[in-house]
Every structure is written in structure tokens, then in C-alpha cells.
Number of protein chains: 2
Amino acid sequence: MTIEQRAPGEFSPASIFDVADRAGVSPSTVSRALRGLPNVAPATRERVARAAHELFYVASPAASGLASGRTTTVGIVVPFLSRWFFMRVVQGAEEVIRAAGYDVLLHNLGDAAGRERFFDRLPLNRKVDGIVLVDVTVQPHEQARLQALGVPVTVVGGDALGVGAVGIDDAAGVRMAVRHLVHLGHRDIGMLGGDAATGLNFAVPGRRRTTFLGAIAEAGLVTKPEWVVSSDWGIEGGARATERLLSSRRVPTALFAESDEVAFGALRTLRLAGLDVPRRMSVIGFDDHEMASVVNLTTVAQPVDAQGAAAARLLIHAMLGHADPFARLALPTQLVIRGSTAPPSGAGGSRRSPAVTH
Amino acid sequence: MTIEQRAPGEFSPASIFDVADRAGVSPSTVSRALRGLPNVAPATRERVARAAHELFYVASPAASGLASGRTTTVGIVVPFLSRWFFMRVVQGAEEVIRAAGYDVLLHNLGDAAGRERFFDRLPLNRKVDGIVLVDVTVQPHEQARLQALGVPVTVVGGDALGVGAVGIDDAAGVRMAVRHLVHLGHRDIGMLGGDAATGLNFAVPGRRRTTFLGAIAEAGLVTKPEWVVSSDWGIEGGARATERLLSSRRVPTALFAESDEVAFGALRTLRLAGLDVPRRMSVIGFDDHEMASVVNLTTVAQPVDAQGAAAARLLIHAMLGHADPFARLALPTQLVIRGSTAPPSGAGGSRRSPAVTH
DNA sequence: GTGAAAGCGCTAACAA
DNA sequence: TTGTTAGCGCTTTCAC
């Protein structure tokens with residue numbers, strides 16, 4: 001920007017030389033003093049700090065980045081922005097990252113094409129010192145690309161080899177849900193999944209379905225193929241999946257939804273179909289979304305912010321060179337019983353007050 | 001990073017000189033060719049492109065940033081990350097920003113201290129070419145600080161002078177809600193607000209309350225101070241506000257909630273208090289949150305992604321030097337009638353099927 | 001504890 | 001249309 005183009009009030013920011021002049025030291029000393037490096041006399045440091053403050057001096061990130069090779073920025077990569085889970089993970093990670101003095105570069109994959117572009121073109125190349133990858137199962141060839149970035153990576157809720165990972169014990173959570181239904185007396189249990197058609201191949205969906213089928217078998221039950229139905233993740237997906245399931249000749253007495261958002265969609269469809277929950281149909285979700293208490297949904301709670309925060313901490317350790325970059329962490333899940341599950345209508349047993357929408 | 005520290009497979013990325021050598025041209029030609037500048041022979045451009053591709057060359061953002069003064073990054077600043085509205089705005093803006101070739105630096109204010117720090121220290125200084133500010137009312141002294149950044153700013157849903165702004169006609173939306181209740185026959189109408197205690201001074205809360213009181217007066221009604229209650233924004237805030245309101249000697253027959261999330265909290269409290277919605281209490285929200293259809297909430301819909309997208313477009317125009325940086329845009333709102341509003345129990349009139357929670 | 005000097009990898013005048 | 005030449009504003013050896 002040449003001087004003529006500048007707006008009247010605008011003035012070019014102070015450089016490290018300006019600060020050096022004002023403090024009566026050399027630029028290198030300014031640099032050292034301001035970054036808190038050792039080998040700076042307290043009095044000098046003080047003088048430099050004051051000069052910098054008076055001139056509103058802040059080091060140019062581009063210049064120091066170019067000189068040092070560090071960006072003081074970390075990338076957070078999510079499949080979508082609109083899902084509650086991702087947002088909360090981002091929130092948890094953001095807080096830790098900012099507290100550690102880094103900025104957050106947010107990258108939204110969006111769809112399958114976006115995912116491919118991400119691994120192919122590596123748009124975060126040289127822009128970040130580390131990456132938190134949320135809920136993406138990294139394929140082997142993708143992992144190679146990631147390595148080419150030359151920065152540490154941690155993963156939340158995804159499978160990945162050779163990088164730090166934090167998540168929950170998904171299998172334990174799913175089993176918890178199935179057992180709860182079984183203990184209530186249900187023998188006909190369906191499952192509503194996400195997964196289909198997004199092409200983003202994110203980590204969770206497949207895993208939960210496999211475990212569900214295993215848990216059903218463990219309980220000595222069988223489920224029907226028409227009772228295990230996938231659709232897009234989210235409320236609308238859950239609604240559509242439930243519609244499809246309800247079109248079977250015989251329907252189950254209980255539904256396990258892969259996420260609370262899918263469960264919410266199910267609740268809406270069941271209400272519109274006039275099927276009382278939990279009298280005619282029990283529904284259990286997964287997440288403990290903040291809306292779960294509003295719609296009185298029984299669910300498997302997982303700590304979401306905490307997973308983001310843990311991944312960020314892992315990453316920061318890795319960027320600092322300490323810490324095992326291959327660490328894996330599994331946070332606990334917990335059953336939260338509310339009003340959307342009850343014994344099947346045929347059975348005796350205690351009754352819970354029904355779930356209501358508002 | 002010295003050569004010894006490098007991991008085995010890692011190799012230093014190609015520089016613009018490497019590409020120049022391989023293509024048999026000078027670095028400046030490489031630069032021009034790769035950035036699509038005019039005055040490059042098609043054949044040359046082609047040769048350069050191939051060389052760059054073969055060497056996996058990508059320009060160092062720090063170096064080109066330092067040389068050009070541009071960052072190809074835009075900052076999005078939000079008060080919180082955990083609120084649905086903000087997320088959707090970010091989503092809408094992100095898409096436009098990325099499509100225009102910029103990266104997104106996400107900055108979360110978090111709380112009052114974070115807000116102050118933001119305007120005081122300007123952490124986005126020289127890191128972005130423009131800023132989208134979400135739902136922040138910019139105070140005059142803050143505006144001066146923003147100007148010091150020397151980059152264009154646009155605001156979503158906030159008041160701000162001298163910068164582009166997009167939002168909705170809040171007043172029209174609020175009046176729509178109040179009139180709907182009045183037409184149903186309600187005369188005792190309360191309001192649940194956010195606002196209190198966050199200290200973040202974000203834009204919307206105060207505005208909606210003022211308009212609400214105006215609309216009540218317009219309708220020739222009166223409301224009581226105990227019926228207009230504020231709490232933290234969000235579900236828990238709405239729940240607490242409703243509890244407080246219900247402790248009045250006489251309660252209204254209808255509630256206008258400042259946001260759907262506040263309304264959700266209200267619905268939960270009303271359910272727990274055994275007050276049937278809409279029979280004993282009508283509730284109307286604001287936003288058309290995706291959960292509104294699940295809990296059957298009547299609400300005033302506003303386009304959220306679209307506001308973020310519009311703000312991003314405004315910003316990009318401003319960064320490119322075209323476009324009026326003072327443009328203001330108001331997107332339309334729309335009443336969405338669902339099952340949470342009905343005539344008050346005393347009155348006659350048509351009945352709607354009740355809202356249900358799950 | 002401090003300073004001098006040499007880059008970091010690009011872009012942008014200017015010249016050719 | 002292309003090449004040459006200076007920087008952009010820091011950090012970082014290496015001397016002192």
C-alpha cells in the first residue's frame with residue numbers, strides 16, 4: 001500500500017526498528033525481549049516493553065512467520081459446521097488453543113468433494129503449526145498426505161494411525177443403550193443411523209451400527225434388516241429413517257438412534273404418526289445434546305467439549321515437542337435416563353411419566 | 001527447523017526458484033503465471049503450471065503475505081460458539097469466504113473480558129484482510145479501534161456505524177409475534193429475554209425487548225414488570241426466566257421468547273410445572289431453530305445462513321475495493337405457526353392440536 | 001547481555 | 001512478455 005492510498009487517519013504501524021530506536025537498543029534485543037527469551041536484562045526488557053506499548057507495536061505475523069517458520073495458528077477441520085457435536089468440539093478445542101496463544105483457522109470440509117480437495121491440495125499447508133481433525137476416519141493414502149504437511153495432527157472421534165487421538169468408548173456407550181432397553185423388557189429393537197449418502201466417510205456411523213448389532217446378539221435377540229435404517233445424519237435424516245421404519249409390517253417397540261439429533265427427528269415423526277413415546281415406542285439417543293432435556297430424551301451422554309479440549313492439549317504438547325504423538329484417550333460415557341424410554345406396552349413393570357413435547 | 005530435526009520422509013518444500021528453474025523462466029514470471037495475472041504467454045503459463053504441479057509447489061503464505069501485504073484470510077468474530085444462531089451465521093459466511101479463496105480465522109469472544117481484550121489488543125491485527133463481526137454492537141471507542149486495523153468490517157445482526165451491516169427487521173419480527181398472540185385473543189403477554197449478566201453487550205437482546213413493549217402498547221395492552229424477565233440467553237436461561245415468571249401471583253396466558261432457545265427452556269419448565277402448552281400457556285419463539293419443528297414451536301423465522309453469507313459477500317466486495325462499505329441489508333422474517341400457540345383457555349375460537357414434547 | 005548481518009520466500013517496480 | 005532488483009519485517013546465528 002503506497003502512502004497516497006492510505007485513508008487520512010490511517011498510519012503505518014510501527015516496526016521493530018522504531019521500537020529499537022525508542023528503547024535505545026537493537027532490533028534483535030527487541031525481538032528477544034518481547035518474546036520473553038532469556039538473556040535480556042530486566043531493565044532492558046522493561047524499557048523495550050514500554051517503547052513497544054507506546055508505539056502500539058505488534059510484530060507482523062507474516063514477517064515473524066517467514067523468519068521463524070512458525071505460524072502460531074492451528075487448524076481445526078470439521079466435516080460440517082451445522083452439527084451440534086462438531087460445534088461443541090470446536091468450542092472445547094478453541095478455548096485451549098487460544099489460551100495457549102494460538103489462533104484458530106477453521107476449515108469446513110462440507111462434502112465429499114471438499115474432503116478430497118482437502119487431502120489433495122492441503123490448503124492448510126504452511127498456514128498452521130498443527131491440526132485437530134474432527135470425526136474423520138483418515139484413510140491410509142490420506143494419512144500420507146497429512147504427513148506431507150509436516151505438522152502434528154490429533155483426531156477427535158475418528159480412527160487414525162500414527163497420530164494422537166481422543167474419543168469415547170463408543171462400543172461401551174452403545175451397549176449401555178441396548179442393555180437399558182433390554183432391561184426394560186424390549187426384545188424388538190431397531191436402530192436409526194446416519195451415514196448414508198454424505199460420502200464424507202466420517203468416523204462414527206459405521207462403528208455404532210456394528211456395535212449395535214453385536215450388542216443385540218449378545219442379548220440373545222435378533223433384529224430385522226428393515227429395523228436398522230440409515231439416512232442422512234441430523235434431524236431430517238432421523239425423521240425420514242423413522243418414516244421408512246414405520247412402513248414395515250411389524251415395527252419394533254424400541255429405537256436406538258445413533259445421535260440425539262437423529263432421535264429428535266424420530267420423535268417428530270412418531271408424534272406426527274400418533275405413536276405415543278414411550279408408551280408405544282421407546283427411543284434412546286446418543287450424545288446428551290442440550291435439547292435432550294427439553295424433549296425428555298433418554299440418552300447416552302458423552303463429554304463433547306472435553307474431547308475437543310483434550311485433543312487440543314495433545315496437539316499443543318506435540319507441537320512443543322513433548323508428548324507422545326501417538327497417545328490415545330477414551331473419555332467415559334454415561335446413561336441418562338429420561339422419559340422417552342419405558343417397558344414395552346405388553347410388559348408389566350414400573351411406568352415412568354411420559355415424555356411430552358413441550 | 002534445521003535439517004537434522006526433520007523426520008526421515010520429510011523434505012523441504014519447493015521454492016519459487018525451483019519452479020522457475022524447472023520451467024526455465026524467472027521467479028517473477030512464476031509468480032505472475034501462478035496467480036493468473038495478465039501478461040503471461042499461454043505457453044509459458046502452461047509450462048510454469050506443470051513445473052509447479054510436479055514439484056508440489058505452493059507459495060508460502062507468510063512470504064507472499066509479507067511481500068504483498070495481503071493475508072487471504074478473513075476473521076469471523078462471534079460472542080459465543082455454542083449458540084445455534086452464531087454457528088449458522090458462521091456456516092453461511094464460511095462458505096462464501098472459502099469460495100472466494102480466503103481462509104477463515106475464527107475468533108471467539110467468550111465473555112466480557114474477552115471482548116475487551118479483542119478491541120484493546122486487536123489480536124487479528126495484520127492477520128486478516130477483513131472481518132465479519134457477528135451480533136456485536138460496536139461502541140464508538142471500539143469502532144475507532146476497529147478502524148485502526150485498517151481492514152473492512154461487516155456486521156451481522158449488530159449495530160455499527162461506518163461499516164457494512166446485514167440483519168433482519170427485528171422490530172417487524174417482534175411485532176409479528178405479538179400480533180399473532182393478540183389475534184389469538186391473548187391480553188396478558190409476558191416476555192422472556194436473554195441479556196442479563198453476560199456483559200458481552202451483544203446486539204439483539206435490548207432491541208427486541210424495547211420493540212416488544214412498543215408492540216404491546218400499540219395493541220392497547222399492558223404488561224407487568226414481573227412478566228418481562230431476563231436471564232442468560234439459551235435454554236437454561238429460558239428455563240430459569242420462566243421459573244421466575246411463574247412465581248408471580250398472576251401469570252400471563254402467553255409468552256414471547258427472545259429466541260427459540262429461550263423458548264425451549266420455557267417449554268421444559270412449563271412441562272415440569274405441569275402447565276400444558278398451548279392450553280394453559282402459549283409460547284412463541286424467534287429464529288426457527290431446527291429444533292422448533294421437533295417441539296412444535298410457533299416462531300418467527302429468520303434466514304440465518306443467508307445473513308452470514310450476505311455479510312461475507314459485502315465484505316469481499318469491500319476488500320476488493322468495489323462496493324459501498326456502508327451498505328445495510330435487512331432480510332425478511334416470517335411467522336411460522338405450529339402447535340405451541342392457541343387462544344387462551346377462557347376464549348372460544350379454533351383449537352389447534354397441542355404441542356407435544358418429546 | 002547485546003549487536004551486526006544474513007537470510008526467510010515471495011511480490012512489485014522498473015527496465016528491457 | 002519477461003527478467004532484474006529491491007525490499008516486505010522479522011528471527012537467528014555468530015561475534016563481541
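Just so it is clear: chains get the letters A, B, ... in the order the sequence lines come, proteins before strands, and each one is counted from 1.
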Donor-acceptor pairs under 3.5 angstrom involving side-chain atoms of residues 48-56 of chain A: please list them, not counting sequence neighbours.
residue	atom	partner	partner atom	Å
A/R50	NH1	A/E46	OE2	2.9
A/E54	OE1	A/R22	NH1	2.1

Note to self: Side chain of A/S60, heavy atoms from C-beta onward: which of D/dT1, D/dC10, C/dG9 has the nearest atom to it?
What the structure shows: D/dC10
Item checked: Rounded distance (Å) that lies between atom P of D/dT1 and atom CZ of B/R47 -> 14 Å
Next item on the list: Return the residues of residues 20-31 of chain A meeting this criterion: a heavy atom under 4.0 Å from some atom of DNA chain C. Order them by number, or give none.
Entry: A/V25, A/S26, A/S28, A/T29
Item checked: Identified side chain to side chain contact (heavy atoms under 4.5 Å, CB included) partner of B/I76 from the options B/I131, B/I97, B/V156, B/V89 -> B/I97
Item checked: B/T29 vs B/S26, side-chain hydrogen bond (donor to acceptor under 3.5 Å, both in side chains): CA-CA, chis, key distance, verdict -> CA-CA 5 Å; B/T29 300; B/S26 73; 3.3 Å; yes
Notebook entry, point to check: What is the distance, rounded to the nearest whole Å, between atom CG of A/L34 and atom C1' of D/dT12?
Noted result: 16 Å
Notebook entry, point to check: What is the distance, rounded to the nearest whole Å, between atom CG of B/L37 and atom P of C/dC10?
Noted result: 15 Å
Margin query: Of the options D/dT2, C/dA12, D/dG9, whose atoms approach the side-chain atoms of A/A63 most closely?
Written below: D/dG9
Check: Is it the case that more than 12 heavy atoms not belonging to B/E95 sit under 6.0 Å from its CD atom?
Finding: no
Checklist line | D/dT12 OP1/OP2 closer than 4.0 Å to side-chain N/O of A/R70 | finding: yes
Next item on the list: Could you check if a side-chain atom of A/L106 sits within less than 4.5 angstrom of a side-chain atom of A/L81, using non-hydrogen atoms only?
Entry: yes
Notebook entry, point to check: Has A/R121 got more than 12 heavy atoms of other residues, nucleotides or ligands less than 6.0 Å from its CZ?
Noted result: no
Note to self: How many whole angstroms separate atom OH of A/Y57 from atom P of D/dG9?
What the structure shows: 10 Å
Note to self: What's the separation between atom CG in B/L122 and atom CZ in B/R145, rounded to the nearest 0.5 Å?
What the structure shows: 4.5 Å
Notebook entry, point to check: Backbone N or O of B/V58 within a donor-acceptor pair of the A/R126 side chain at under 3.5 Å?
Noted result: yes
Notebook entry, point to check: What's the closest nucleotide to the A/S64 side chain, out of C/dA12, C/dC10, D/dT11?
Noted result: D/dT11
Margin query: For B/R32 and B/L66, find the nucleotide of DNA chain C closest to each by heavy atoms; which residue's nucleotide sits nearer the 5' end?
Written below: B/L66
Item checked: Separation of D/dG9 P from A/I16 CD1 (nearest whole Å) -> 12 Å
Next item on the list: Enumerate the residues from residues 121-128 of chain A whose closest heavy atom to DNA chain D is under 4.0 Å, giving them by residue number; use none for an empty result.
Entry: none
Margin query: So, taking the atom named OG1 in A/T72 and the one named OH in A/Y102, what distance separates them when rounded to the nearest 0.5 Å?
Written below: 8.0 Å
Margin query: At less than 3.5 Å, do the side-chain atoms of A/R45 and the base atoms of C/dG1 form a donor-acceptor pair?
Written below: no
Item checked: Candidate nucleotides D/dT1, D/dT11, D/dC8, ranked by approach to the side chain of B/A67 - the nearest -> D/dC8
Next item on the list: Look at the side chain of A/A41 and decide which nucleotide, out of D/dT11, C/dC10, C/dT2, has an atom nearest to it.
Entry: C/dT2
